[in-house]
Engineer: 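One structure coming up, written as structure tokens, with questions to follow.
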Amino acid sequence: MNVIVCVKQVPGTNEVKMNKETNTIIRESAEAIINPFDEYAIEEGVRIKENTDGSVTVLSMGIPQVADLLRETIAVGVDNAVLLSDKAFAGADSLATAYALSMGVKKIGKYDLIICGKQATDGDTAQVGPSLAEKLGIPHTTYVRKIEQITENYIRCQRMTEDGYEVIEMPLPAVITVVKEINEPRLPSIKGKLKAKKTEVMVYNADDIGADKNLCGLKGSPTQVVKTFVPEHEISGEIIEGTSREQAQKLVQKLMSMQFMTCK
Amino acid sequence: MSHITIISEKCVGCKLCVGACPFNAIEVTEKKAKILDDCTLCGACVSSCKFNAIDFQKDETDASVDLSEYQGVWVFGEQKNNQVSQVVSELLGEGRKLADKLSVPLSVVLIGSEIEGQAADLIACGSDNVYLVEHESLKNYNDESYADIFVQLVKRFKPEVILLGATTYGRSLAPRVASRLNTGLTADCTSLDIDPETRNLLQTRPAFGGNLMATIICPNHRPQMSTVRPKVMKPLDPDPARKGKIIRPDVHIPTELSVKVIDIVQTLCEKVNLTEADIIVSGGRGLGDPKNFVLVEELAEVLGAAVGASRPVVDSGWVDYSHQVGQTGKTVGPKVYFACGISGAVQHLAGMSSSDIVIAINKDPSAPIFKIATFGIIGNVIEILPELTKEFKAKLV
Ligand SMILES: Cc1cc2nc3c(=O)[nH]c(=O)nc-3n(C[C@H](O)[C@H](O)[C@H](O)COP(=O)(O)OP(=O)(O)OC[C@H]3O[C@@H](n4cnc5c(N)ncnc54)[C@H](O)[C@@H]3O)c2cc1C
Ligand SMILES: Nc1ncnc2c1ncn2[C@@H]1O[C@H](COP(=O)(O)O)[C@@H](O)[C@H]1O
């Protein structure tokens, strides 16, 4: 079975502070990492490959440096790495990203399953997976927490919901997005690390994958950011003093008077 | 191609743009700013420059869509077990405001089986129209059939704004539909407004785990679609006297489905449904020992509250992942959130900072959780929790 795993590079920290005087954002510079959810996607892909024979290809759209991160995934069992990199892809929203990835998938060719992370930690949109499935004209299931069965032409999986889970069956090829409950990613092996060093990442630009530049990057993105700002957390806080007993009593009194605690 | 460039003659190397860039994509060398490859063309730097030294060349997207053809605000009437979800009344409350600003009707799309009985409630909650699609095959949410029907309705009736709950279903359906319609979709919005001049929907949402807010528009495409975080928008008081229409549009119902929902399993009882809970009691590593987690559960029991947890507690196996609150867990917005022995790391705050009232119990007065707490108790959580439980028990009978 051939699996494609979509992997995004994200900043290693989300700390953003505001310099109140200059009204600018101070970002702790931190190294870029693979989106944490995508690590679970990679692990699941590698497990499927091990159980069924086949290959795992990681696919990413990003700047040239992403190649180094992709190469590292070879060490945990990935076979091929493909990077879509072109100035034309810059500024892509989830629709333009899904379009570019869909063209990348077509370039890779044979696949049975595409796995994405639940969401990326920088944008938190969780939209690329379903949107990609639509662009490819194949079904999808989000928030997969377990694959119950996978055969040549179908998959049965559990999707996490607010109050439990659902069991869904779909024909392959299909897209799933995974939550971290699905597995425990392995650590890279020494043999894998050596292999990673020797592996070449395939880098394609928009022309290589036959992408229409009008549908890529900022130009192909219906949504536009018009403003960014650091949220102010109101600090109206009140510290409740006293012994544990007194603190508890005062708090309960305050909450009761606000009439939140009327139900049992 | 769109690009951002520094106008070298005007740049004084002041580094204001470096600070303004959320992506660390600007560098200053030899007193001149330089845009690096990481640039995502977000434009945050342009307005930060006091010297007009940043040039943003934007290729306009082809405005092939006649925007004026699209009118009206829609809400997806998500339902489960024939019961419309709580978030729908919140969307109607917000949708009503947007529709009034645009002077257009507000409608709900209700898809299900034998669900007509819910339509009156939706009208009472603010809707002018209910587009009702009923078929026995539509009893449960299904990505394939629901997306197919929703797209048919959008193409026929052309709404300008569509709101869906940022729920499991909403966040699966919305991107599928937006992708088929080739329109924009903004995820997990926490505030919405209308720009009266352009009629554009101003969609504000957290990014980077809540550390940065972004306002997003979709100027050249219709409909403008958003998923909206549950528990953020306020529902209207239901008015049974409100008048509205129930419309049964003639749509093709796909019955040969490739995606099949085999089973729906409920593992959490109603009150533990974190995303819809009014009160949440959450425990963190400060509880010290897995056996102390029961103190959190006991307080929750008395309050009829849901139980939440920080990530270390989940990672150490004290409670199931389904209880995790935060960036990699659930996003919640209850009326009251108890953070017991939780430090308040940004990733945790990302999941709960829209709670109305936050109560922090922590022995460290400098713990960041106190920065967002409405009420803070500095003390030992192991002693305070039993006192609270006892006190509530006495008062809540
Ligand atoms: C990519 C990423 C994603 C993440 N996602 C999440 C997420 O979704 N949710 C999440 O919660 N975290 C998440 N984290 C982890 C997060 O950064 C913090 O590590 C975590 O939230 C800390 O949990 P805590 O507050 O329970 O533990 P700690 O930070 O260890 O805090 C324990 C607190 O308890 C207090 N305390 C100790 N003993 C007592 C006592 N007897 N009485 C009272 N107070 C006491 C201490 O003063 C301290 O403030 C994520 C991290 C990363 C890198
Ligand atoms: N630029 C990208 N390259 C490859 N995969 C991506 C990219 N952006 C998003 N994805 C995939 O889509 C998932 C959801 O991302 P998002 O919709 O941005 O929250 C991620 O976990 C990745 O699997």
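Values reported hereafter were calculated over all heavy atoms of this structure, with side chains retained and with hydrogens, waters and symmetry mates removed.
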Engineer: Look at B/E383, B/R180, B/H3 and state which one has the largest set of heavy-atom pairs under 4.5 Å with chain A.
Structural biologist: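 Most pairs with chain A among the choices: B/R180.
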Engineer: Can you tell which part of A/I240 gets under 4.5 Å to a heavy atom of chain B, answering side chain, backbone, both or neither?
Structural biologist: both
Engineer: Taking B/L388, B/T328, B/I217 one by one, which has the highest count of heavy-atom pairs under 4.5 Å against chain A?
Structural biologist: B/I217
Engineer: Is the charged tip of A/K118 near the ring of A/Y143: under 6.0 Å from the six-membered ring centre and within 45° of its axis?
Structural biologist: yes
Engineer: Name the option with the most non-hydrogen atom pairs under 4.5 Å to chain B; the candidates are A/S94, A/A98, A/A133.
Structural biologist: A/A133
Engineer: Under 4.5 Å heavy-atom distance to chain B, tell me which part of A/F37 shows up: side chain, backbone, both or neither.
Structural biologist: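 The answer is the side chain of A/F37.
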Engineer: Side chain, backbone, both or neither: which part of A/K250 has a heavy atom under 4.5 Å from chain B?
Structural biologist: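 For A/K250, neither part sits under 4.5 Å from chain B.
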Engineer: Pick from A/D93, A/L132, A/I138: which one has the most heavy-atom pairs with chain B under 4.5 Å?
Structural biologist: A/I138
Engineer: For B/Y141, is the NZ or CZ atom of B/K80 found under 6.0 angstrom from the centre of its six-membered ring and inside 45 degrees of the ring axis?
Structural biologist: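 Here B/K80 fails the 6.0 Å and 45° test against B/Y141.
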Engineer: Distance to the ring centre below 6.0 angstrom and angle to the axis at most 45 degrees; does that hold for A/R159 and A/Y165?
Structural biologist: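 Not flagged: A/R159 not positioned over aromatic ring of A/Y165.
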Engineer: At a heavy-atom separation under 4.5 Å, does B/S258 approach chain A through its side chain, its backbone, both, or neither?
Structural biologist: both
Engineer: Just so I understand: if I count every heavy-atom pair under 4.5 Å between each of B/I262, B/L385, B/I361 and chain A, which residue has the most?
Structural biologist: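 The option with the most such pairs is B/I262.
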Engineer: Is the positively charged end of A/K227 above the ring of A/F229, judged by distance under 6.0 angstrom from the centroid and angle within 45° of the axis?
Structural biologist: yes
Engineer: How long is the straight-line distance from CZ of A/F89 back to CD1 of A/I63, given to the nearest 0.5 Å?
Structural biologist: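 Answer for the CD1-CZ pair, A/I63 versus A/F89, is 14.0 Å.
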Engineer: Counting only non-hydrogen atoms closer than 4.5 Å, does B/Q224 touch chain A with its backbone (N, CA, C, O), its side chain (CB onward), both, or neither?
Structural biologist: neither
Engineer: Considering all heavy atoms of both residues, which atom of A/A248 and which atom of B/E387 are nearest to each other, and what is their separation?
Structural biologist: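 Taking every non-hydrogen atom into account, CB-CB, 3.6 Å.
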Engineer: Is it the side chain or the backbone of A/L95 that comes within 4.5 Å of chain B heavy atoms, both, or neither?
Structural biologist: side chain
Engineer: Determine the option with the most heavy-atom pairs under 4.5 angstrom with chain A, choosing from B/V314, B/D320, B/N182, B/D278.
Structural biologist: B/N182
Engineer: Inspect the contact between A/K180 and B/D315 and indicate whether a charged nitrogen and a carboxylate oxygen are less than 4.0 angstrom apart.
Structural biologist: yes
Engineer: Looking only at the side chains, is there a donor atom on one of B/S172 and B/D143 sitting less than 3.5 Å from an acceptor on the other?
Structural biologist: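 Short answer, yes.
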Engineer: Below 4.5 Å from any heavy atom of chain B, which atoms of A/I155 appear? Answer side chain, backbone, both or neither.
Structural biologist: neither
Engineer: For A/P64, is it the side chain, the backbone, both or neither that has a heavy atom under 4.5 Å from a heavy atom of chain B?
Structural biologist: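 The side chain, not the backbone.
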Engineer: Is it the backbone or the side chain of A/Q119 that comes under 4.5 Å from a heavy atom of chain B, or both, or neither?
Structural biologist: side chain
Engineer: Does atom CD of A/E184 have more than 12 heavy-atom neighbours from other groups under 6.0 Å away?
Structural biologist: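 It does not: A/E184 CD has 12 such atoms or fewer within range.
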Engineer: Taking A/R145, A/Q249, A/M170 one by one, which has the highest count of heavy-atom pairs under 4.5 Å against chain B?
Structural biologist: A/Q249
Engineer: Would you kindly say whether A/Q9 and A/S60 are connected by a side-chain donor-acceptor distance under 3.5 Å?
Structural biologist: no
Engineer: Measuring heavy-atom distances to chain B, does A/I239 have an atom under 4.5 Å in its side chain, in its backbone, in both, or in neither?
Structural biologist: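 Contact with chain B involves both backbone and side-chain atoms of A/I239.
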Engineer: If you apply the rule side chain to side chain contact (heavy atoms under 4.5 Å, CB included), what do you find for B/L396 with B/L303, and how did you get there?
Structural biologist: CA-CA 8 Å; B/L396 283 171; B/L303 295 171; 3.8 Å; yes
Engineer: When only pairs under 4.5 Å are counted, which of B/T40, B/L36, B/V177, B/T389 shares the most heavy-atom pairs with chain A?
Structural biologist: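 Ranked by contacts with chain A, first place is B/T40.
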Engineer: Considering only heavy atoms and a distance below 4.5 Å, find which of A/H140, A/M160, A/Q247 pairs most often with chain B.
Structural biologist: A/H140
Engineer: Between B/S179 and A/E134, do the side chains contain an N or O donor and an N or O acceptor separated by less than 3.5 Å?
Structural biologist: no
Engineer: In terms of heavy-atom pairs under 4.5 Å, which option from B/V265, B/T227, B/N142, B/N140 contacts chain A the most?
Structural biologist: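 Heavy-atom pair counts peak at B/V265.
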